[in-house]
Colleague: 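Have a look at the structure that comes next, please.
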Amino acid sequence: MVQSTKVLDGGWGWAIVMASFMAQLLAYGSPQSVGVLYPEWLHAFQEGKGMTAWVGSLVAGVGLIASPVCSVCVDNFGARPVTIFSGVMVAGGLMLSAFAPNVQFLIFSYGIVVGLGCGLVYAATLTITCQYFDKRRGLALGIVTTGTSVGAFIYATAQNELIALYGLDGCLLIIGAVALNLMACAGFMRPLNMPGYYLKQKAALERNTEEKLFEKPALDDLKISSGSDTTTPEKNLMVKELLITIDAKDIQTEKKGSFMAGLAIMKVIKKKHQAYSKYMHSMHEILQDQAMVAICIAVFLFSLGAFPPVLFIEDVAQSQGLIEEVSVIPLVSIGAIATCVGKLVLGIMVDIRWINSIYLYAFTMYAGGVSLLLIPITKTYFGLQILAVVLGFFSGNWSLTSYITTNIVGLDRLTQAHGILMFFGGFGIMLGPPVVGWFFDYTQSYDLAFYFSGTCVLLGACILTLLTLPCWNRKHSEKNKPEVLYTSNCDKVASVA
């Protein structure tokens with residue numbers, strides 16, 4: 001720990017920040033600009049908009065829903081191996097998508113494989129960044145997570161040009177090859193602490209070596225038997241497997257006998273069960289908080305309604321005859337840059353003492369809902385560009401979620417509560433685009449679909465406003481308010497997941 005504290009907030013940490021920034025840019029560039037690929041898939045496979053929309057919704061939602069599993073992988077194996085493996089997943093999924101014979105295969109290759117790879121990159125980059133920074137953690141996380149928005153801006157234009165030059169298949173192959181650079185980014189992610197899996201392996205190796213040193217060999221083991229390949233009893237193999245699969249300290253004092261090994265197993269199972277029960281009880285207490293339930297509902301409804309424009313806004317412009325093909329700077333790129341600016345501006349605004357973070361989030365939902373309701377009545381491409389800027393800016397409210405969650409549940413339960421919140425957000429992202437696509441398939445118009453999206457966002461804003469009024473839980477808010485302590489102003493500029 002002495003060596004760890006010396007390298008915090010500087011030094012190699014800035015190399016970690018740049019590597020993590022590039023990792024998120026390479027991983028999320030194509031998924032965040034999937035709206036450019038969506039019209040091409042519609043033309044190539046001739047499927048319904050609802051079915052094709054599953055590709056974009058899964059690639060964005062699967063990573064969020066699987067975030068607890070991704071975090072466990074990072075804790076056990078470390079950020080570097082997980083980033084290398086995610087690079088193989090993202091690059092392999094993109095390259096497989098170039099050979100997709102139908103939308104169903106595309107849902108698996110692009111939606112699930114690339115989505116899980118992005119989730120692993122997200123967990124790995126944030127974890128390694130938090131390990132290297134303390135006082136400047138907010139600034140470091142802000143730089144890292146901006147990589148998704150910058151990637152969306154660059155990839156939207158790049159994919160548009162690659163499709164024009166090499167076609168859809170060639171574009172996906174090139175983008176997949178570029179994604180292999182994720183493994184180069186992983187090379188910079190030098191761990192400060194040894195991951196849990198290696199600690200267990202080391203403990204098992206030391207324990208096994210110690211036993212061999214002090215163990216008296218049996219007479220039968222000294223005899224050379226040419227007809228037998230195994231000279232170790234079965235019980236030794238069983239104990240060796242136990243040493244690798246469970247904590248070595250739980251069987252440190254146990255003997256090799258099968259009865260004692262069985263007691264050790266029961267002891268570990270009981271301990272794991274108690275930890276699981278405690279975790280579930282903590283989650284139950286978190287969901288008992290009215291403000292936490294309100295923000296979960298709001299995030300779900302906002303994700304359900306506000307994410308579809310990222311996927312459909314290019315097709316909206318083409319279907320209404322506002323533009324024949326995707327422009328040089330697509331609407332997706334405009335929205336991505338606005339989202340990047342929104343993250344920083346909203347992060348600065350939430351630092352102002354007289355601004356309530358929950359009501360600021362509700363305001364962004366009101367503004368986003370109104371913008372969604374204006375999309376069907378907008379008849380010019382310039383109008384859609386303005387709405388893309390407004391929606392993108394207020395979609396930067398994702399930077400407020402961790403700060404709001406800390407205000408509600410405190411620092412001790414931040415990880416569990418934020419995981420629950422991301423689950424609701426991922427579920428809404430997965431459902432939003434297919435629902436909007438089904439509305440178009442039945443009505444042959446996006447008007448009713450975006451009226452539905454805008455209504456969902458406004459409904460979520462109203463629920464969040466009503467359930468978090470001071471008259472409900474004034475004592476609870478005053479109790480948790482002093483727990484939010486920041487060491488510098490930059491900590492709150494980009495308070496992200």
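All values below come from the heavy atoms of this structure, side chains included, with hydrogens, waters and symmetry mates left out.
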Colleague: Just verifying a value: how many Å separate D169 CG and L162 CG, rounded to the nearest 0.5 Å?
Modeller: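 Reported to 0.5 Å precision, the distance equals 12.5 Å.
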Colleague: My understanding is that only one of V332, V178, L37 makes a side chain to side chain contact (heavy atoms under 4.5 Å, CB included) with Y155; could you say which?
Modeller: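 Of V332, V178, L37, side chain to side chain contact (heavy atoms under 4.5 Å, CB included) with Y155 is met by V178 alone.
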Colleague: What about the rings of W14 and F188, do their centers lie closer together than 6.0 Å?
Modeller: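 They do not qualify: ring centres at least 6.0 Å apart.
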Colleague: Given side chains that start at C-beta, do those of L182 and M22 come closer than 4.5 Å, heavy atoms only?
Modeller: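 Contact flag for L182/M22 side chains = no.
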Colleague: Are the side chains of L384 and T380 in contact, using a 4.5 Å heavy-atom criterion?
Modeller: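 They are not in contact (no side-chain heavy atoms under 4.5 Å apart), so the answer is no.
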Colleague: Would you give the length of the straight line joining atom OH of Y132 to atom CH2 of W12, rounded to the nearest 0.5 angstrom?
Modeller: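 Spacing of OH (Y132) from CH2 (W12) equals 8.0 Å.
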Colleague: For the residue pair T148 and Q32, confirm or rule out a side-chain donor-acceptor distance under 3.5 Å.
Modeller: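 Looking only at side-chain atoms, Q32 and T148 do not form any donor-acceptor pair under 3.5 Å.
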Colleague: Regarding S30 and Y110, do their side chains bring together a donor and an acceptor under 3.5 Å, going by distance alone?
Modeller: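 Present: a donor and an acceptor within the cut-off.
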Colleague: Check for a donor-acceptor pair, side chain of T339 on one end and backbone N or O of G392 on the other, with a separation under 3.5 Å.
Modeller: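 Such a contact is found between T339 side chain and G392 backbone.
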Colleague: Could you give the distance from CD1 (I163) to CG (L172), rounded to the nearest 0.5 Å?
Modeller: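 If I round to the nearest 0.5 Å, the distance is 7.5 Å.
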Colleague: Ignoring hydrogens and angles, tell me if any N or O in the side chain of T83 forms a donor-acceptor pair with the backbone of A186 under 3.5 Å.
Modeller: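 Judged by distance alone, no pair lies under 3.5 Å.
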Colleague: Has the side chain of D289 got a donor or acceptor atom that lies under 3.5 Å from a matching backbone atom of M292?
Modeller: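 Checking the backbone N and O of M292 against the side chain of D289, a donor-acceptor pair under 3.5 Å is found.
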Colleague: So, R80 side chain and G187 main chain: donor-acceptor pair closer than 3.5 Å or not?
Modeller: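 Here the side-chain-to-backbone pair exists.
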Colleague: Taking D441 for its side chain and G50 for its backbone only, find out whether a donor-acceptor pair lies under 3.5 Å.
Modeller: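 Indeed, once roles are kept as given, a pair shorter than 3.5 Å links the two residues.
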Colleague: Between L58 and F108, is there a side-chain heavy-atom distance shorter than 4.5 Å?
Modeller: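 They are not in side-chain contact.
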Colleague: Considering only heavy atoms from C-beta outward, does the side chain of P376 approach that of Y446 to under 4.5 Å?
Modeller: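 No, too far: nothing below the 4.5 Å cut-off.
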Colleague: For the OG atom of S303 and the CZ atom of F424, what is their distance to the nearest 0.5 Å?
Modeller: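 CZ of F424 is found 11.5 Å from OG of S303.
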Colleague: Closer than 3.5 angstrom, by distance alone: can the side chain of Y28 be matched with the main-chain N or O of C118 as a donor-acceptor pair?
Modeller: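 Side chain of Y28 to backbone of C118, a donor-acceptor pair under 3.5 Å: yes, one is there.
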Colleague: Measure the shortest side-chain to side-chain distance between L373 and L458 over non-hydrogen atoms and say whether it is less than 4.5 angstrom.
Modeller: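 Sidechains of L458 and L373: in contact.
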Colleague: Measure from the side-chain N and O atoms of T52 to the backbone N and O of K49, and report whether any donor-acceptor pair falls under 3.5 Å.
Modeller: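 Checked: no pair found.
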Colleague: Counting only N and O atoms by type, is there a donor-acceptor contact under 3.5 Å from the side chain of S453 to the main-chain atoms of F450?
Modeller: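 The answer is no, because no donor-acceptor pair under 3.5 Å joins these two groups.
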Colleague: If every non-hydrogen atom of E47 is compared with every non-hydrogen atom of V103, which pair is closest and at what distance?
Modeller: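 Result for this residue pair: CG-CG2, 3.3 Å.
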Colleague: So does F153 get a backbone contact from the side chain of S333, meaning a donor-acceptor N/O pair under 3.5 Å?
Modeller: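 A pair under 3.5 Å: yes.
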Colleague: Are the side chains of I175 and C171 in touch, meaning some heavy atoms are under 4.5 Å apart?
Modeller: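 Counting from C-beta outward, I175 and C171 do come under 4.5 Å.
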Colleague: Taking T364 for its side chain and Y361 for its backbone only, find out whether a donor-acceptor pair lies under 3.5 Å.
Modeller: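 At least one qualifying donor-acceptor pair exists.
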Colleague: Find out whether M365 and I463 are in side-chain contact, i.e. whether some heavy atom of one side chain is under 4.5 Å from a heavy atom of the other.
Modeller: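 Result no, sub-4.5 Å side-chain heavy-atom pair not found.
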